[in-house]
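Notes follow once the structure below has been shown.
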Protein chains: 2
Amino acid sequence: MNPTEVITQRLRAQGLRLTPQKRVVIGLLQNNATHPTVDSLYENARQEVPSISRRTVYQTVNDLESMGEVTLLDLGTGSVRVDPNVEHPHHHMICSECGVVRDAVIDVSALTPSARDRRDFDVTDVEVNFRGVCRNCQDNGKTA
Amino acid sequence: MNPTEVITQRLRAQGLRLTPQKRVVIGLLQNNATHPTVDSLYENARQEVPSISRRTVYQTVNDLESMGEVTLLDLGTGSVRVDPNVEHPHHHMICSECGVVRDAVIDVSALTPSARDRRDFDVTDVEVNFRGVCRNCQDNGKTA
DNA sequence: CAACTTATCAACAATAATTGTTGATAGCAA
DNA sequence: TTGCTATCAACAATTATTGTTGATAAGTTG
């Protein structure tokens, strides 16, 4: 995502406003590679703006997605995750046990459906998900 | 998934029973490449067993997944889809407009995270989703 | 084939993630 | 500083899914 100042400009250009609530959520997303859920953003945002509501976090995150500043990921972990990295193409490794998400950079230029399949379907995006078990959950499994 | 007779045996072996409700749901899934939602299965099942409840369809589908007879797909279309094709590895093409899902057979043997990424993550499954617009929605868009 | 055990059903309630609504408040442009 | 209105928090509503329960029926056994 763009730096906060740029996002502020882009908001204003649309007649939108930069509020303390938005500022905090945007701040939490800058350089954040944890793919946070809305709920996790909400919990963190409360530390700085205790009165913030979950609704506002949802709203902010949806607005940012409309602006192309973030991507909303539905990786089957029960709730949406926010990915501020829209600059560098990447994919994801998802822990089936705890739901943690990490980035994976791979080359997908050779990945394409058969010519036959493409005939009836206009592919706009290729998404690769590596499912598995993260180191943390592997270790927990050992001791359990 | 296995033929109904085999599934019946497998159910019995676990002390489970084959009821008319299960029979209908299993029947609807045989040779079904439409990746139906639970709701769509429910609507179709009602034609044969009007008294069937959504809960029973959920239950049946979850049981079948536990047995490895089907896969439950969460492709970000809002609700789970049931895929009875567990025999032939394949991936999916998902229409971003209407949510329809089609199979895509591709080779993913070369797809793997970097050695560094794999060090801390045990990959058990690679999932490729082609997002785009199906022919149907393309045509509708033209006339709209 | 009758009896018995208990898995299963439908009905209903509950959860969890997310979105809709609203009146009061506060950004920000002039 | 003023005025317009985007935005907020609070609350309600929606949707997909799971939990609970007492009555019923599947299928095994005598």
Side-chain angles (χ1 to χ4, degrees), chain A residues 4-5 7-26 28 35-43 45-67 70-82 99 101, chain B residues 4-5 7-26 28 35-43 45-67 70-82 99 101:
Chain A
T4 306
E5 312 82 58
I7 296 185
T8 304
Q9 292 315 312
R10 297 196 60 204
L11 283 170
R12 299 249 169 86
Q14 298 179 39
L16 304 187
R17 296 167 184 172
L18 182 65
T19 61
Q21 291 88 340
K22 275 181 201 164
R23 206 186 342 259
V24 169
V25 173
I26 292 171
L28 287 171
H35 310 82
T37 60
V38 168
D39 210 63
S40 133
L41 284 173
Y42 168 66
E43 289 303 340
R46 305 179 75 174
Q47 316 272 336
E48 303 185 53
V49 180
S51 70
I52 198 173
S53 75
R54 229 180 292 259
R55 185 71 179 90
T56 297
V57 181
Y58 272 108
Q59 189 65 54
T60 301
V61 151
N62 284 338
D63 288 349
L64 289 173
E65 191 204 24
S66 300
M67 297 169 67
V70 304
T71 303
L72 299 185
L73 308 173
D74 186 343
L75 300 171
T77 54
S79 46
V80 162
R81 285 164 183 279
V82 186
V101 179
Chain B
T4 307
E5 311 84 56
I7 295 184
T8 305
Q9 292 314 312
R10 296 197 61 205
L11 283 169
R12 300 249 169 86
Q14 298 180 38
L16 304 187
R17 297 166 184 172
L18 182 66
T19 60
Q21 291 87 341
K22 276 182 200 163
R23 204 183 347 256
V24 168
V25 173
I26 293 172
L28 286 171
H35 310 83
T37 60
V38 168
D39 210 64
S40 132
L41 285 174
Y42 169 66
E43 289 302 339
R46 306 179 75 176
Q47 317 271 335
E48 303 186 51
V49 181
S51 71
I52 198 173
S53 75
R54 229 180 292 257
R55 186 69 180 89
T56 297
V57 181
Y58 272 108
Q59 189 64 56
T60 302
V61 150
N62 284 337
D63 289 349
L64 289 172
E65 192 205 22
S66 300
M67 299 170 65
V70 304
T71 303
L72 298 185
L73 309 173
D74 186 342
L75 300 170
T77 53
S79 46
V80 162
R81 285 166 184 276
V82 186
V101 179

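By convention in this document, chain letters (A, B, ...) are assigned in the order of the sequence lines, proteins followed by strands, and residues within each chain are numbered from 1. Quick note: numbers below take in every heavy atom, side chains included, and nothing from hydrogens, waters or symmetry partners.
- B:L11 has its CG atom 13 Å from the C1' atom of D:dG27, to the nearest Å.
- Between A:L16 atom CG and C:dG27 atom C1' there is a gap of 11 Å when expressed in whole angstrom units.
- Atom C1' of nucleotide D:dT17 and atom CG of B:L41 are separated by 15 Å, given to the nearest angstrom.
- Across all strands shown, A:S53 has heavy atoms under 4.0 Å from base atoms, whether or not it also approaches the sugar-phosphate.
- Between the P atom of D:dT18 and the CG atom of B:D39 lies a distance of 14 Å, rounded to the nearest Å.
- Rounded to an integer number of Å, the gap from A:Y42 OH to C:dT18 P is 14 Å.
- With A:D63 contributing its side chain and A:E65 its backbone, the two residues share no donor-acceptor pair below 3.5 Å.
- Proximity of B:Q21 to the phosphate of C:dA10: a side-chain N or O atom is located under 4.0 Å from OP1 or OP2.
- Between B:G76 and A:D74 the shortest heavy-atom distance is CA-OD2, 3.4 Å.
- Looking at residues two or more places apart in sequence or on another chain, you find a side chain to side chain contact (heavy atoms under 4.5 Å, CB included) between B:T77 and B:R81, B:I94.
- Within the 4.5 Å cutoff, no side-chain heavy atoms of B:I7 are placed close to those of B:L18.
- A heavy atom lying under 4.0 Å from DNA chain C marks the following residues of residues 54-62 of chain A, by number: A:R55, A:Y58, A:N62.
- Every residue two or more places apart in sequence or in another chain that forms a side chain to side chain contact (heavy atoms under 4.5 Å, CB included) with B:Q9 is listed here: B:R12.
- Here the shortest heavy-atom pairing between B:T37 and B:S79 reads CG2-OG, 3.8 Å.
- To the nearest angstrom, P of D:dA6 lies 12 Å from CD of A:Q14.
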What one-letter contact string describes nucleotides 21-26 of chain D from 5' to 3', where B marks a base within less than 4.0 Å of any protein heavy atom, S marks contact via sugar-phosphate atoms alone, and - marks no contact? ----BB

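- Comparing the axis of the opening five pairs of the helix from C:dC1-D:dG30 to C:dA30-D:dT1 with that of the closing five pairs yields an angle of 40°, rounded to 10°.
- Residue A:K22 contributes atom NZ, which lies 15 Å from atom P of C:dA26 at whole-angstrom precision.
- Pairs passing the salt bridge (charged side-chain N to carboxylate O under 4.0 Å, His left out) check and including a residue from residues 52-61 of chain A, sequence neighbours excluded, read A:D39-A:R54.
- Judged by distance alone, the side chain of A:K22 and the main-chain N or O of A:T60 form no donor-acceptor pair under 3.5 Å.
- A pairwise comparison of heavy atoms in A:V61 and A:V70 identifies O-CG2, 4.0 Å as the closest pair.
- With respect to B:V38, the side chain to side chain contact (heavy atoms under 4.5 Å, CB included) criterion is satisfied by exactly one of B:L72, B:V25, B:N62, B:V57: B:V57.
- Residues B:V80 and A:V49 each lie close to DNA chain D; by heavy-atom proximity, the contact nearer the 5' end of the strand is made by A:V49.
- Counting all heavy atoms, side chain and backbone alike, B:L28 lies closest to B:A45 at CD1-N, 3.6 Å.
- Here C:dT18 presents its C1' atom at 12 Å from CG of A:D74, a figure rounded to the nearest Å.
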